[in-house]
Amino acid sequence: MAKLKIFTLNVWSGFRYNGLLKLEEYETPEERVRRYRGLCREIRNLDPDVVFLNEVNPMFGYAKRISAELGYDWIGHMGVSGVRAFGLGFPVNLREGDVILAKKELKLKYCSSRHLGGKGYCGNYFSFHFDNLTQGVLGKISVEGREVCLCCTHWIAAPKVSEDNFAKLNELCEKWRFDKEEIYAAKKKLFEINEVKLKEAERLCGWLETQVGPEKPLIVGGDFNAEADWSELIYLAEKGYRRLELTDEEICTWDPRFNTNLQKYYVDETKMKQKSLYHQLDAEDEMPERNIDHFFVRGIEPSGEEMCRVAACEKFESVSISDHHGLICVVNI
């Protein structure tokens, strides 16, 4: 058996995703560079064999730079880029994708990618969409002569359909003086987006069934924007994917208690009236600490040496390196 160590992190684009010609940005370019330096430090310290990164922007430049600095090979696919042909398009600062890095001896190769959710098209060189798109990126490595498949994915964020959130809609409607009719509209939006999230799970599983034979080890990781007991992740379990359980749950991958970027930028949005009741709920939904980044495996049996824990929680020059914390696992192949 061979041990494989994998690290995943949504590196955070730093965008508000408002704006047509150029997206609003939370932070200064200097702050983004500082976070990048912190990420490189964390990866060097953790020394993973494989790295999954979400919200890499600009994807090609970022991936080429970090792979060269750290000595990894890389593959990736553009996930969100608006209206674009090669380098020209708008928003001018949006060229976001998902990337897999692997140590050179693992002989990383690109296999395919799959659009999972949202309306429109996004390729590496051409795109046309005004909706948020999500995807999976599939690659493979060689571990002591055995092929291991790797899928990095990023799903849409949305509050859960629950009685608690229905009750919160009533409270927020009264607090912020929205029209009562917005309660119905917000509930409808909740159900619609949660259908999208379930469709993401269905498309991911269906795609991987066609790409990866049942005899091959498969590791799926990334930002699922869902907790383990949400319906979309239960669907993965029902399809035979085993979620790696956290060995330490003192801190979460999404945790406003400890993350400086959530404390600095996200808390303020709960203190102002949003453009709709649904968006008001969405802002409030960012505040609870949650584990929304995960690893799922198929064709890999549990072992005594298996491990999964939250990582990259340490601040770099007093700032968290993303709005997420990372996740690292060790599995035996």
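Nothing fancy with the numbering, it's 1 onward along the sequence. Since the model is a prediction, treat every value here as computed from it, not as a measurement.
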[X] side, atom [atom1]; [Y] side, atom [atom2] - distance, nearest 0.5 Å:
X	Y	atom1	atom2	result
Cys252	Ile292	SG	CD1	9.5 Å
Met307	Asn332	CE	CG	11.5 Å
Arg298	Leu236	CZ	CG	11.0 Å
Ile333	Ser142	CD1	OG	11.5 Å
His324	Asp223	NE2	CG	4.0 Å
Asp293	Leu246	CG	CG	10.0 Å

Report yes or no: does [X] contribute a side-chain atom to a donor-acceptor pair with the main-chain N or O of [Y] at less than 3.5 Å?
X	Y	result
His129	Asp131	yes
Arg243	Phe296	no
Asn261	Ser322	yes

Scan Lys160, Arg290, Lys168 and name whichever one has a side chain to side chain donor-acceptor pair (under 3.5 Å) with Asp285.
-> Arg290

Examine the side chains of [X] and [Y] and answer whether a donor and an acceptor come within less than 3.5 Å of each other.
X	Y	answer
Tyr62	Asn57	no
Gln211	Ser112	yes
Asn93	Glu25	yes
Glu96	Tyr17	yes
Asp98	Asn54	yes
Gln135	His154	no

What are the two closest heavy atoms between Phe90 and Arg84, and how far apart are they?
->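 Taking Phe90 first and Arg84 second, the nearest heavy atoms are N-NH2, 4.0 Å.
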
In terms of heavy-atom contacts, does [atom1] of [X] have more than 12 from other residues, nucleotides or ligands at under 6.0 Å?
X	atom1	answer
Glu314	CD	no
Glu174	CD	no
Lys273	NZ	yes
Lys239	NZ	no
Phe166	CZ	yes
Glu301	CD	no
Glu202	CD	yes
Glu215	CD	yes

Hydrophobic cluster membership, [X] vs [Y], 4.5 Å side-chain cutoff:
X	Y	answer
Phe7	Ile141	no
Val330	Leu106	no
Ile219	Leu204	no
Trp12	Leu53	no
Tyr36	Val51	yes

Does Glu30 reach the side chain of Val33, with side-chain heavy atoms less than 4.5 Å apart?
->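 A side-chain contact is absent here, since even the closest heavy-atom pair is not under 4.5 Å.
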
With ring centroids as reference points, do Tyr265 and Tyr26 lie under 6.0 angstrom apart?
->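 When the ring centroids of Tyr265 and Tyr26 are compared, they turn out to be within the sub-6.0 Å range.
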
is_close_aromatic(Phe224, Trp230), centroid dist under 6.0 Å = no

Test Glu27 against every option in Lys264, Arg35, Arg34 by the salt bridge (charged side-chain N to carboxylate O under 4.0 Å, His left out) rule and name the one that passes.
-> Arg35

Please determine if Glu306 and Lys3 form a salt bridge, counting it only when a charged side-chain N lies under 4.0 Å from a carboxylate O.
->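 Salt bridge absent between Glu306 and Lys3.
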
